[in-house]
Peer 1: 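Below are the structure tokens for one structure; questions will follow.
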Amino acid sequence: MLDISSHDVLLIGGGGAGLRAAIAVAETNPNLSVAVISKVYPMRSHTVSAEGGAAGVIGKNDSLDEHCYDTISGGDWLPDQDAVEAFVKEAPLELMRLEHWGCPWNREPDGHIAVRPFGGMKKERTWFAADKTGFHMLHTLFQTSLKYDAVARYDEYYATKLLMDDGQVQGAVAVELSSGKVQAITAKAVIICTGGCGRVFPFTTNAAIKTGDGMALTYRAGAPLKDMEFIQYHPTGLPFTGILITEAARAEGGYMLNKDGYRYLQDYNLGTPQPTPVLRSMELGPRDRLSQAFVKEFERGRTVEGPYGAVVHLDLRHLGEKKIEAKLPFVRELCLKYENLDPVRELIPVRPVVHYVMGGIHTDLNGATPLQGLFAAGEAACVSINGANRLGSNSLTECLVFGARAGRAAAEFASVQRPPGRHLLAQAAEEEERLQDRFLNKSGGRERIATLREEMQKTMEQSAGIYRSGESLQHAAGKLRELQERFEDIGLDDHSRAFNTELVAALELASMLDVAESVIQCALQRQESRGAHQRTDFPARDDQKYLAHSLVSRQADGSPVVSYAPVTITRWPPAERVYGK
Ligand SMILES: Cc1cc2nc3c(=O)[nH]c(=O)nc-3n(C[C@H](O)[C@H](O)[C@H](O)COP(=O)(O)OP(=O)(O)OC[C@H]3O[C@@H](n4cnc5c(N)ncnc54)[C@H](O)[C@@H]3O)c2cc1C
């Protein structure tokens with residue numbers, strides 16, 4: 001039976017962005033009731049696994065303009081400059097607020113906040129809590145959210161659909177995973193903070209829960225996704241597991257070596273070798289360039305063949321045990337546990353791994369989507385500050401700045417809305433019926449979830465990897481249409497209600513197929529190379545035609561269609577990206 005509850009603002013997602021937004025709603029208008037749905041216990045959200053740090057200008061040697069410029073040039077001039085300016089200005093304030101809420105930032109011996117360098121950031125401005133920054137940030141936000149009685153949590157609820165009334169979003173339908181009960185949660189405003197979608201690829205640092213659900217919910221509700229072709233590969237993932245070795249390892253002075261023990265990045269226009277700890281360039285170039293350099297090294301036969309394919313080496317040995325233990329204890333722990341090697345004495349095998357999606361739900365500077373009542377923030381959203389390539393450590397801060405902005409805007413919106421009507425319950429009942437008919441009570445479906453998922457992931461890796469071509473993208477578009485059709489014939493073995501993980505896997509696959517199609521379609525239409533989108537058939541950046549955001553919408557037949565919107569340029573006209581100075 002359908003359960004019904006009603007709140008003023010509903011948050012879908014309890015990670016960094018979701019919890020920051022929930023706090024902002026509660027602070028903006030203490031009379032509003034706030035609901036947070038999360039498909040996992042909030043502390044298990046992917047934010048918890050962030051290691052390296054969060055960017056924000058602090059200290060005399062840096063300036064807001066420099067952070068803006070690094071972000072804009074790092075994003076290959078695709079970020080909206082008004083969004084970047086707002087972000088950079090509010091970043092230090094948000095990080096300081098977290099400090100006041102109890103986040104244990106690392107400090108210098110004199111008590112000042114410690115910062116470390118990070119890829120593509122020409123100044124040291126990345127705040128950190130050892131190499132467990134996300135853990136500490138999420139803990140701080142979670143505990144702070146507990147202060148507000150107005151915040152109700154729906155832990156381990158899976159959102160399956162947005163409730164809409166006359167083009168306005170007014171809640172969502174979710175499945176309580178422990179019982180299988182369907183819950184209708186109505187609200188005057190909804191904020192989507194469901195994180196990224198790295199799982200559409202087979203080899204990723206992303207947790208298994210990062211399946212782009214919120215992007216798919218929004219896309220199906222009729223709002224566009226933006227810049228979906230820009231998928232970030234992180235240059236240093238452990239082979240096989242895809243576990244991330246944080247950029248902090250290079251920030252603290254680590255070297256990238258090819259099979260000859262040579263710091264090969266000096267051949268890729270990323271600067272010349274410098275002694276540690278002064279290492280502003282080369283190893284600390286932006287992620288797109290480093291991942292592309294790996295492919296070139298492979299083509300030159302200069303990578304190392306390992307049991308799981310080609311790798312290069314990350315060398316931390318010269319940093320010494322003391323520094324590794326002080327600044328990179330988690331890196332050591334991961335290497336010992338998952339590779340059975342000690343980075344104090346041994347080289348770490350690494351290769352590029354899918355890490356982050358620059359694109360997401362199209363929003364304005366306050367998280368508002370084109371749909372009335374619907375807001376989005378965090379990795380699920382695209383404001384956009386990341387453009388064609390995100391700089392490491394900008395996204396934890398993005399969750400804070402734009403989580404807070406979306407929370408405030410949604411609170412203001414909800415404060416002047418009338419409560420949603422009871423007729424939304426008919427929609428919720430329909431959704432309950434759909435879940436039963438299509439999955440739980442259906443017998444005889446011939447397609448298996450794992451087969452379709454594997455075929456999708458393989459297609460994405462082959463066609464939308466570090467380098468892409470029109471031909472392979474065209475093939476992928478056809479293949480994904482085929483997978484969408486085959487998904488109609490999916491069959492579940494588990495028809496029980498309590499903790500039906502097979503049902504969740506099916507719903508996640510449906511999300512991923514929609515997201516994958518939008519990535520491929522945007523990549524196919526963008527006939528240029530920019531940031532993380534490198535087309536072998538169009539190797540140059542083309543500002544004439546493509547200094548524009550892709551907006552992908554779902555058509556009536558379910559297929560994606562792409563249009564373009566202008567990029568906001570305020571003070572930094574497009575120029576060449578230069579590193580290594
Ligand atoms: C290994 C790793 C290391 C990283 N390191 C850094 C770093 O050092 N610095 C940096 O700036 N960035 C880093 N990033 C990126 C950054 O951590 C993420 O972009 C950011 O944490 C995303 O936060 P979020 O709140 O948007 O989403 P998440 O933290 O992913 O939270 C998503 C939430 O949505 C919920 N959810 C999703 N779907 C549903 C559904 N259908 N129903 C109900 N709930 C749902 C989940 O339960 C979860 O609570 C890293 C990322 C990874 C993967």
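When a ligand or atom number is given, it counts from 1 through the structure's own listing order.
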Peer 1: Does the residue Leu244 have a heavy-atom contact with ligand 1, meaning some pair of atoms that are separated by less than 4.0 Å?
Peer 2: yes
Peer 1: Run the numbers for me: atoms of ligand 1, each under 4.0 Å from some heavy atom of Thr205, listed by number.
Peer 2: 53 (C)
Peer 1: Closer than 4.0 Å to some heavy atom of Cys193 - which atoms of ligand 1 meet that?
Peer 2: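 Here the atoms of ligand 1 in question are 32 (C), 33 (C), 34 (O).
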Peer 1: Using a strict cut-off of 4.0 Å, indicate which atoms of ligand 1 neighbour a heavy atom of Tyr157.
Peer 2: 42 (N), 43 (C)
Peer 1: Checking a contact table here: which protein heavy atom is nearest atom 15 (C) of ligand 1, and how many Å away?
Peer 2: Ser395 OG, 3.4 Å
Peer 1: Looking at atom 44 (N) of ligand 1, what's its closest protein heavy atom, distance included?
Peer 2: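 Scanning the protein heavy atoms, the shortest distance from atom 44 (N) of ligand 1 goes to Lys39 N, 3.0 Å.
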Peer 1: Less than 4.0 angstrom from a charged side-chain N to a carboxylate O is my criterion; do Arg408 and Glu27 meet it?
Peer 2: no
Peer 1: Hey, is Ala248 touching ligand 1 through its side chain, its backbone, both or neither, going by heavy atoms under 4.0 Å?
Peer 2: neither
Peer 1: Gly14 versus ligand 1: do any nitrogen or oxygen atoms come within less than 3.5 Å of each other?
Peer 2: yes
Peer 1: Tell me whether Ser49 reaches ligand 1 (any heavy atom closer than 4.0 angstrom to a ligand atom).
Peer 2: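 Yes, that is the case, since the closest heavy atom of the residue is under 4.0 Å from the ligand.
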Peer 1: Backbone, side chain, both or neither: what part of Tyr356 comes under 4.0 angstrom of ligand 1, heavy atoms only?
Peer 2: side chain
Peer 1: Short list, please: which atoms of ligand 1 are under 4.0 Å from a heavy atom of Gly13?
Peer 2: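 Every atom of ligand 1 under 4.0 Å from some heavy atom of Gly13: 33 (C), 34 (O), 35 (C), 49 (O).
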Peer 1: Apply ring-ring contact (aromatic ring centres under 6.0 Å, His included) to Phe118 and Phe128, showing your working.
Peer 2: CA-CA 11 Å; Phe118 235 71; Phe128 59 99; 9.2 Å; no
Peer 1: What protein heavy atom sits nearest atom 27 (O) of ligand 1, and how far off is it?
Peer 2: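 Here the nearest protein heavy atom works out to Gly195 CA, 3.3 Å.
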Peer 1: Just do the side chain to side chain contact (heavy atoms under 4.5 Å, CB included) check on Arg405 and Leu365 with the steps written out, would you?
Peer 2: CA-CA 8 Å; Arg405 278 177 164 251; Leu365 264 59; 3.8 Å; yes
Peer 1: Is any side-chain heavy atom of Asp514 closer than 4.5 Å to a side-chain heavy atom of Arg220?
Peer 2: yes
Peer 1: Hey, would you say the Phe230 and Tyr356 ring centroids sit under 6.0 Å apart?
Peer 2: no
Peer 1: One pair to check against side chain to side chain donor-acceptor pair (under 3.5 Å): Ser395 and Asn386. What are the steps and the verdict?
Peer 2: CA-CA 9 Å; Ser395 60; Asn386 300 307; over 6 Å; no
Peer 1: Which ligand 1 atoms does Ala50 reach within 4.0 Å, using its non-hydrogen atoms?
Peer 2: 3 (C), 4 (C), 5 (N), 6 (C), 7 (C), 13 (C), 17 (O)
Peer 1: Looking at ligand 1, does Gly16 have a heavy atom less than 4.0 Å from it?
Peer 2: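 Yes, Gly16 has a heavy atom closer than 4.0 Å to ligand 1.
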Peer 1: Starting from atom 19 (O) of ligand 1, which protein heavy atom do you reach first, and at what distance in Å?
Peer 2: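 Closest protein heavy atom to atom 19 (O) of ligand 1: Glu379 OE1, 2.6 Å.
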Peer 1: Quick one: look up the protein heavy atom nearest atom 51 (C) of ligand 1 and list residue, atom name and how far away it is.
Peer 2: His46 NE2, 3.3 Å
Peer 1: Would you mind checking if Glu398 and Arg390 are paired as a salt bridge, meaning a charged N to carboxylate O distance below 4.0 Å?
Peer 2: no
Peer 1: Is any side-chain heavy atom of Ile113 closer than 4.5 Å to one of Glu99?
Peer 2: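 Yes. Closest side-chain heavy atoms under 4.5 Å.
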Peer 1: Taking the six-membered ring of Phe203 as reference, does the NZ or CZ atom of Arg351 fall below 6.0 Å from its centre and within a 45° cone about the axis?
Peer 2: yes
Peer 1: What part of Asp213, side chain, backbone, both or neither, has a heavy atom within less than 4.0 angstrom of ligand 1?
Peer 2: side chain
Peer 1: Would Lys323 and Glu252 pass as an ion pair if we require N to O under 4.0 Å?
Peer 2: yes
Peer 1: Please work out whether any backbone atom (N, CA, C, O) or any side-chain heavy atom from C-beta onward of Cys399 is under 4.0 Å from ligand 1, and answer side chain, backbone, both or neither.
Peer 2: side chain
Peer 1: Over 60° means perpendicular and under 30° means parallel, so tell me whether Phe87 and Phe402 are parallel, tilted or perpendicular.
Peer 2: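 If you compare the ring of Phe87 with that of Phe402, the planes turn out parallel.
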Peer 1: Salt-bridge test for Glu124 and Arg116: reply yes if a basic N is under 4.0 Å from a carboxylate O, no otherwise.
Peer 2: no
Peer 1: Non-hydrogen atoms of Ser393 versus ligand 1: any pair closer than 4.0 Å?
Peer 2: yes
Peer 1: May I ask which of Thr194, Ile243, Asp155, Ile192 has a heavy atom nearer to atom 37 (C) of ligand 1 than the others do?
Peer 2: Thr194
Peer 1: Show, in sequence, the C-alpha distance, side-chain angles and deciding distance for Glu176 and Tyr158, and conclude whether the side chain to side chain donor-acceptor pair (under 3.5 Å) test is met.
Peer 2: CA-CA 7 Å; Glu176 183 187 35; Tyr158 184 100; over 6 Å; no
Peer 1: Looking only at heavy atoms, what is the nearest atom pair of Ala376 and Ala406, with distance?
Peer 2: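 That would be O-CB, 4.2 Å.
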Peer 1: So which heavy atom in the protein is nearest atom 8 (O) of ligand 1, and how far is it from that ligand atom?
Peer 2: Gly52 N, 2.8 Å
Peer 1: For Asp131 and Thr246: C-alpha separation, side-chain torsions, deciding distance, then whether side chain to side chain donor-acceptor pair (under 3.5 Å) applies.
Peer 2: CA-CA 8 Å; Asp131 53 1; Thr246 169; over 6 Å; no
Peer 1: In this structure, does ligand 1 have an atom that sits under 4.0 Å from one of the heavy atoms of Gly53?
Peer 2: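 Gly53: in contact with ligand 1 (<4.0 Å).
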Peer 1: Just jot down the ligand 1 atoms closer than 4.0 angstrom to any heavy atom of Tyr158, in number order.
Peer 2: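 Within the 4.0 Å cut-off of Tyr158, ligand 1 contributes 41 (N), 42 (N).
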Peer 1: For atom 48 (C) of ligand 1, tell me which residue out of Pro42, Ser45, Ala377, Gly237 has the closest non-hydrogen atom.
Peer 2: Ser45
Peer 1: Judging by distance only, is a nitrogen or oxygen of Gly392 under 3.5 angstrom from one on ligand 1?
Peer 2: no
Peer 1: Compute the minimum heavy-atom distance from His355 to ligand 1 and say whether it is under 4.0 Å.
Peer 2: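 His355: in contact with ligand 1 (<4.0 Å).
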Peer 1: Does Arg390 approach ligand 1 within less than 4.0 angstrom via side chain, backbone, both or neither, non-hydrogen atoms only?
Peer 2: side chain
Peer 1: Report yes if some heavy atom in the side chain of Leu290 is under 4.5 Å from a heavy atom in the side chain of Glu283; otherwise report no.
Peer 2: no
Peer 1: Calculate, to the nearest 0.5 Å, the distance between atoms CZ and CD1 belonging to Arg332 and Ile245 respectively.
Peer 2: 13.0 Å
Peer 1: So which heavy atom in the protein is nearest atom 46 (C) of ligand 1, and how far is it from that ligand atom?
Peer 2: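 Its nearest protein heavy-atom neighbour is Ser38 OG, 3.7 Å.
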Peer 1: What part of Val48, side chain from CB on, backbone N/CA/C/O, both or neither, has a heavy atom under 4.0 Å from ligand 1?
Peer 2: neither
Peer 1: For residues 6-16, which side-chain donor-acceptor pairs fall under 3.5 Å, sequence neighbours excluded?
Peer 2:
from, atom 1, to, atom 2, distance (Å)
Ser6, OG, Thr186, OG1, 3.2
His7, ND1, Ser33, OG, 3.1
His7, NE2, Tyr154, OH, 2.7
Asp8, OD1, Lys188, NZ, 3.0
Asp8, OD2, Ser33, N, 2.8

Peer 1: Examine ligand 1 and decide if any of its atoms is less than 4.0 Å from a heavy atom belonging to Gly196.
Peer 2: no
Peer 1: Can you name the atoms of ligand 1, numbered from 1 with element, that are less than 4.0 Å from a heavy atom of Asn206?
Peer 2: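 Those of ligand 1 that fall under 4.0 Å from Asn206 are 53 (C).
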Peer 1: Should you measure from each heavy atom of Glu51, which atoms of ligand 1 turn up under 4.0 Å away?
Peer 2: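 It comes down to these atoms of ligand 1: 5 (N), 8 (O).
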Peer 1: Give me the residue, atom name and distance of the protein heavy atom closest to atom 23 (O) of ligand 1.
Peer 2: Thr47 OG1, 3.0 Å
Peer 1: Are side-chain heavy atoms of Val401 and Thr397 found at a separation under 4.5 Å?
Peer 2: yes
Peer 1: For ligand 1, is there an atom lying under 4.0 Å from some heavy atom of Asn394?
Peer 2: yes
